[in-house]
Amino acid sequence: MKKSTTFLTNTPNEVGLLPLHQLPQQPLLGSPSQWQQETAHLPKNIAQWLSWEHSLTAALCQHCSQFDVAVLAEDFLPQQKGKNSTLEFFPKFCTSSLWRRCVVLQGDGVPWIYAETFTPSAKLARTLQQLGDTPLGLWLFAQKPRREIWGWRNFSTENHKISSNIPTLPITFARFTRWQIDNEPLLIVEFFLTSFDFPFELSKVQKSQYRQRHCRPADPFNKAR
């Protein structure tokens, strides 16, 4: 039987996560050439999570009773074109800044994933700023987005951490997905932490089940529905 999941939202101070001044000033993405899609050589459970094309929020909620979202920062990052620039993931856009949202996702009080969302689209940035502490996946998959590209990367072999000041949140694997929503691009990068054990059971949650099991509406901008 699937667990019934409750959403809680917290500030970084309440859950003891990354203070704003300790967030990485530049994204950890690196260059697109550092990411790959081939997962045949990975353990099956890890490959499933890295290649998952449905809502990660819904998948995570299958494995906990309490799902917490801590919004750490929302800001505009100045960008310069060149190697290791996040703009490499948006080749069709001419912009000097990206909007970024940083969160930590927790299951039953345990930090599982540090996630960053980027968009060069002013339209999407204005829309997503209205999310507040609503999990992004609840809004995203109600828009019926199209997955353009994705990739994964093994950070555990690089001894890379989210912040050099926070040794308790090391990364194992990471994945990125670029979505297209009404011709506007949205890039989501999810860094799996060592506390996440990549459970085997992973199944798509149907929309009807999703609304029954979670306390937030699929469309956070229509509270009356």
Side-chain angles (χ1 to χ4, degrees), residues 5-15 17-21 23-25 27 29 53-61 66-79 86-87 89-90 92-107 111-148 150 175-191 205 207-225:
T5 302
T6 301
F7 280 127
L8 291 183
T9 55
N10 301 284
T11 65
N13 288 337
E14 289 174 324
V15 295
L17 297 172
L18 301 175
L20 294 182
H21 70 277
L23 285 173
Q25 294 302 304
L29 268 170
E53 59 182 300
H54 307 292
S55 170
L56 186 66
T57 298
L60 292 171
C61 285
Q66 179 177 300
F67 184 78
D68 305 333
V69 178
V71 180
L72 305 183
E74 292 181 295
D75 55 6
F76 282 92
L77 288 178
Q79 295 288 308
T86 308
L87 292 179
F89 291 84
F90 301 100
K92 297 181 180 179
F93 267 73
C94 295
T95 182
S96 59
S97 67
L98 293 172
W99 180 78
R100 175 177 72 162
R101 180 179 191 251
C102 306
V103 304
V104 171
L105 309 179
Q106 295 190 131
W112 277 349
I113 291 172
Y114 169 70
E116 294 188 332
T117 301
F118 303 92
T119 183
S121 164
K123 177 183 176 182
L124 274 186
R126 287 192 299 268
T127 300
L128 296 179
Q129 283 173 30
Q130 299 177 52
L131 282 176
D133 51 23
T134 299
L136 177 61
L138 293 185
W139 170 82
L140 176 63
F141 287 90
Q143 314 308 309
K144 299 181 179 179
R146 178 171 61 88
R147 184 164 80 158
E148 288 191 306
W150 71 279
R175 69 175 202 161
F176 84 87
T177 309
R178 193 179 72 210
W179 299 95
Q180 192 75 228
I181 306 168
D182 294 330
N183 297 318
E184 303 285 347
L186 184 71
L187 181 71
I188 301 176
V189 193
E190 291 135 347
F191 299 92
V205 178
K207 190 174 182 180
S208 59
Q209 297 173 314
Y210 195 63
R211 287 187 172 180
Q212 291 172 5
R213 289 176 52 212
H214 303 307
C215 63
R216 294 189 183 275
D219 182 357
F221 306 117
N222 190 347
K223 302 296 184 183
R225 188 168 66 189

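Basis for what follows: all heavy atoms, side chains included, without hydrogens, waters or symmetry-related copies. All of these numbers come straight from a predicted model, not from anything done at the bench. We're numbering straight along the sequence, starting at 1.
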Asks: Could you tell me if the side chain of Thr57 sits less than 4.5 Å from the side chain of Phe141, heavy atoms only?
Replies: no

Asks: Taking the side chain as C-beta and beyond, is there a heavy-atom pair between Leu98 and Leu187 under 4.5 Å?
Replies: no

Asks: Would you give the length of the straight line joining atom CG of Leu128 to atom OG1 of Thr117, rounded to the nearest 0.5 angstrom?
Replies: 7.5 Å

Asks: Within the structure provided, determine whether Leu131 and Leu138 are in side-chain contact (heavy-atom separation under 4.5 Å).
Replies: no

Asks: So which heavy atom on Ala125 is nearest to which on Phe76, and how close?
Replies: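 Scanning both residues completely, I find the closest heavy atoms to be CB-CZ, 4.3 Å.
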
Asks: Taking the side chain as C-beta and beyond, is there a heavy-atom pair between Phe90 and Phe118 under 4.5 Å?
Replies: yes

Asks: Drop me the distance from Phe191's CZ to Glu116's CD, to the nearest 0.5 angstrom.
Replies: 5.5 Å

Asks: Before giving the answer on side-chain contact (heavy atoms from CB on, under 4.5 Å), spell out for Leu136 and Val103 the whole-Å C-alpha distance, their side-chain angles and the decisive distance to 0.1 Å.
Replies: CA-CA 10 Å; Leu136 177 61; Val103 304; over 6 Å; no

Asks: Contact between Ile181 and Trp139 at the side-chain level, heavy atoms closer than 4.5 Å - yes or no?
Replies: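 SC-SC contact between Ile181 and Trp139 confirmed.
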
Asks: Rounded to the nearest 0.5 Å, how far apart are CZ of Arg147 and NE2 of His54?
Replies: 8.5 Å

Asks: If you define the side chain from C-beta out and look only at heavy atoms, does anything of Glu74 sit under 4.5 Å from Trp99?
Replies: yes

Asks: What pair of heavy atoms forms the shortest contact from Val71 to Asp133, and how long is it?
Replies: CG2-CA, 3.8 Å

Asks: Is a side-chain N or O of Arg101 found less than 3.5 angstrom from the main chain of Gly132, in a donor-acceptor match?
Replies: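 Checking the backbone N and O of Gly132 against the side chain of Arg101, a donor-acceptor pair under 3.5 Å is found.
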
Asks: How long is the gap from CH2 on Trp150 to CZ on Arg178, to the nearest 0.5 Å?
Replies: 14.5 Å

Asks: Would you check if Val69 and Leu105 make a side-chain contact, meaning some heavy-atom pair closer than 4.5 Å?
Replies: yes

Asks: For Asp75, is the CG atom crowded, meaning more than 12 foreign heavy atoms sit under 6.0 Å from it?
Replies: yes

Asks: From Leu124 CG over to Gln129 CD, what is the distance, rounded to the nearest 0.5 angstrom?
Replies: 11.0 Å

Asks: Could you grab the distance from atom CD of Gln180 to atom CG of Leu186, nearest 0.5 Å is fine?
Replies: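 Those atoms lie 9.5 Å apart.
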
Asks: Can you tell me if Thr119 uses its side chain to pair, donor with acceptor, with the backbone of Pro185 under 3.5 Å?
Replies: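 Judged by distance alone, yes, a pair lies under 3.5 Å.
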
